[in-house]
Structures are given as structure tokens and as C-alpha cells.
Amino acid sequence: MNIQNQSKSMEFVLEGISCPFQIPCFLAFLSLYALTLTGNVLIITIICLDPVLQTPMYFFLCNLSLLDISYSSVTQPKFLSMLLTNDTGISFNQCILQLYVFLSLASTEFLSLTAMAYDRYVAICNPLHYFILMSKKMCALLTIMCWLVGFLDPMAHTVFISRLNFCRSNIINHFYCDVSVLLNLSCDNTYFIEFMSIIVGSVFGLPAFILTLSSYVCIVSTIMKIPSSQRRWKTFSTCVSHLTVVIIFYGTLLIVYMSPITYYSSAKAKSLSLLYTVLIPLCNPLIYTLRNKDVTVSLWKFWNVK
């Protein structure tokens, strides 16, 4: 009991990343974070203001941008503070809160990408009933379900991790509080939590992954039946942006969080974490803007009005 109380009152130390020149690193990551916020806020703004973009696909894109803003803001402000002030300390409660919110938003984005895949499936495979099946009410319901399930999914993990005893070390070899690092720091048996992670991941993540995969199998099958190659590419181009984001996001998360703790590598984890906490939220607006004519036109209209 004393050890558990001591764990809850302890302060962790985040090692961060190896960076020989702190100020240039700070300025570089600050620029990336600022671009992330600017790009995603701009996407949300033009979707809300332009009536042409008031469709289910852009509703989900708006939700994705909101997620990217939230997702990156869970880790990057503390990371930037570490680079600027060398304040690497984080309390136990702050660490657990960061862990829970980060996992919740990651789960929500995972499910939201599945909802977007279903939207593309209906648009291409069942276009005549698209606006009936993907009504405003249905889009709102799918989005609410993604957020609810996303925030329920990691709740058990967080509770069990918060009850662990951390007597090995208080140094977290990462730039945020990550599941794998915390489990490695615990002197308790973490087999149950690892097993539960696989089960919960299979219950929530696997159906979403299968639905996304099935949607794209049906999409590709439908596109291949189109006689004109020009029309085939035009139809497929509406999915390229989403498919790119899905492959990068799903791939990195599955590699990091579905690997056994015994195979954990802090160097690999940090590299992949930088990819999905810094680069993916930054690249999503660029991917959707550069590959999407409607968004590009709206952006030009927005700037011309300004």
C-alpha cells in the first residue's frame, strides 16, 4: 500500500528525444505544430463556410481535422516546453491523464477513418442512395459513436495502469506518457494488461480494420467494372487521400501498440510516435487539399475574399 501511494505521489521524468541543438529543434517543432493547427483550422473553416462542401465526405473531413488538432495538442505543448525550458518533469496524475486522452483520441481517429471508408463505399458502390444512407442524422450518429467508443475503449487500460506500482525507475524514455514505457517501468506483473490490450484491440480495432478493408475491396471491385479508364481514375481519386492516411495511421499504430512489450524498442517507438503525433496531423490537411479539387477551389475563394 505504501509503495502504491508513493507511486501516485511520484513525478516522472520524460527523456524526450536526442537533439544536440535545442533551440533550433524547438523552433522546428514549433513551426510544425503551428502549421498543423493552421492547416486543420483552415480546413474546418472553409468546410463550414462553403456551401459546396456541405456534404457527408467533408463533414467527416472536418471531424478528422478537429481530431488532429486535439491529438497533436495532447503531446506537443509539453514536448515543446521540454525543448525550450528543460522542464522534463510530469506528475503521476498528469501522466495518466495524458495517457488516457491520447489513447482515446487515437481510438476515435481510428474509428473515424473507418466511418470515412464506409462513406466512400456508399458513394461509389451505392451512389443512387448515397444521400439517403449518409444523411446528416446518420453522419452525426456515426461521429458521436466514434467519439463515445473511442473514449470508452482505453478506460480499463488507464485504470489498471494507474494502479500499478512504479518502483523500477521514474524516467520515461519517451517524449510523452506511453503505454509500453509505463508497463516496462512497473515492478508488478503486467501480463493481464498486455493480454487485455490484445483482447480489447481485437474487439474494437479488428472489426473497424476489417470494415475499412472490406469497403476498399468493394470500392476497387466496383471501379474495375467501369469501362472508361478516365472515369475509373476519376472515381478512385476521391479515395486516394483517405487511403493514404489510413495506410500511414493504421500501419504505425498497429506496429507500436500490437507488438509484445518484450519486443519494445524505445528508439523505434519514438520515431514512429513522431510520425503519428507530429507528421500525420500536419500532413492530413496537405494530403486532402492537394488531392481534392473542391477543397483547393474553396481555398482559393477563401484567400481571394480575404
Side-chain angles (χ1 to χ4, degrees), residues 28-50 53 55-80 98-120 139-140 142-151 153-154 175-176 178 205 208 212 239-257 271-292 294-296 298-299 302:
F29 282 106
L30 178 63
S31 300
L32 292 174
Y33 182 50
L35 287 171
T36 298
L37 296 181
T38 304
N40 283 291
V41 167
L42 191 58
I43 290 289
I44 293 171
T45 303
I46 62 171
I47 289 174
C48 292
L49 294 180
D50 194 340
L53 302 180
T55 63
M57 182 175 76
Y58 295 110
F59 175 83
F60 289 119
L61 178 55
C62 189
N63 178 59
L64 184 66
S65 290
L66 178 61
L67 274 167
D68 283 334
I69 292 170
S70 307
Y71 190 61
S72 58
S73 296
V74 174
T75 58
Q76 291 195 50
K78 177 61 180 177
F79 177 48
L80 291 169
Q98 186 188 58
L99 173 71
Y100 172 68
V101 177
F102 178 81
L103 291 177
S104 298
L105 291 169
S107 299
T108 304
E109 183 150 346
F110 194 94
L111 296 170
S112 296
L113 288 171
T114 301
M116 293 175 76
Y118 175 70
D119 170 71
R120 291 297 82 212
C139 292
L142 285 172
T143 302
I144 291 169
M145 288 301 296
C146 287
W147 282 84
L148 284 176
V149 175
F151 273 76
D153 179 20
F175 58 90
Y176 67 91
D178 187 52
T212 303
C239 307
V240 171
S241 302
H242 177 257
L243 187 58
T244 304
V245 173
V246 165
I247 291 171
I248 298 172
F249 189 79
Y250 277 29
T252 51
L253 285 186
L254 288 172
I255 290 170
V256 173
Y257 292 109
S271 300
L272 291 171
S273 296
L274 282 172
L275 179 63
Y276 63 74
T277 60
V278 178
L279 292 181
I280 290 180
L282 169 66
C283 291
N284 280 354
L286 295 175
I287 292 170
Y288 279 101
T289 301
L290 295 175
R291 301 292 310 180
N292 193 300
D294 291 335
V295 176
T296 307
S298 294
L299 275 172
F302 179 81

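What you are looking at is a predicted structure, and each value in this text was computed from that prediction instead of being measured.
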Are Tyr276 and Phe249 close enough that their ring centers fall under 6.0 Å? no
Using side-chain contact (heavy atoms from CB on, under 4.5 Å) as the criterion, list what pairs up with [X], not counting sequence neighbours.
X      : result
Thr38  : none
Leu35  : Leu282
Ser31  : none
Thr143 : Phe59, Phe60, Asn63, Trp147

Is [X] reaching over with its side chain to a backbone N or O of [Y], donor-acceptor style, under 3.5 angstrom?
X      : Y      : result
His242 : Leu113 : yes
Gln76  : Thr277 : yes
Tyr100 : Phe151 : yes
Gln98  : Val74  : yes

Enter the distance from [X]:[atom1] to [Y]:[atom2] here, rounded to the nearest 0.5 Å.
X      : Y      : atom1 : atom2 : answer
Ile44  : Tyr58  : CD1   : OH    : 15.5 Å
Leu32  : Ser72  : CG    : OG    : 11.0 Å
Cys139 : Met57  : SG    : CE    : 11.5 Å
Thr55  : Leu53  : OG1   : CG    : 6.5 Å
Leu111 : Met145 : CG    : CE    : 9.5 Å
Leu275 : Ile248 : CG    : CD1   : 7.0 Å

Dump the intermediate steps for side chain to side chain contact (heavy atoms under 4.5 Å, CB included) on Lys78 and Tyr176, then the final yes or no. CA-CA 8 Å; Lys78 177 61 180 177; Tyr176 67 91; over 6 Å; no
For [X], check side chain to side chain donor-acceptor pair (under 3.5 Å) against everything at least two apart and list the hits.
X      : value
Thr114 : Thr212, Tyr250
Ser73  : Tyr33
Ser65  : Asn40

A side-chain contact here means heavy atoms from C-beta on lying under 4.5 Å apart; do Leu67 and Leu105 qualify? yes
Report yes if some heavy atom in the side chain of Leu274 is under 4.5 Å from a heavy atom in the side chain of Leu279; otherwise report no. no
Testing the basics here: between Thr108 and Gly150, what is the closest heavy-atom pair and its distance to 0.1 Å? OG1-CA, 3.4 Å
Of all heavy-atom pairs between Pro281 and Pro285, which one has the smallest distance, and what is that distance? O-CD, 3.2 Å
Listed partners of Phe29 passing ring-ring contact (aromatic ring centres under 6.0 Å, His included), at least two apart: Phe79
Could you go through the side chain to side chain contact (heavy atoms under 4.5 Å, CB included) check for Asn284 and Leu64 one step at a time? CA-CA 9 Å; Asn284 280 354; Leu64 184 66; 4.1 Å; yes
Could you list all the salt bridge (charged side-chain N to carboxylate O under 4.0 Å, His left out) pairs where at least one residue sits in residues 34-50, not counting sequence neighbours? Asp50-Lys301
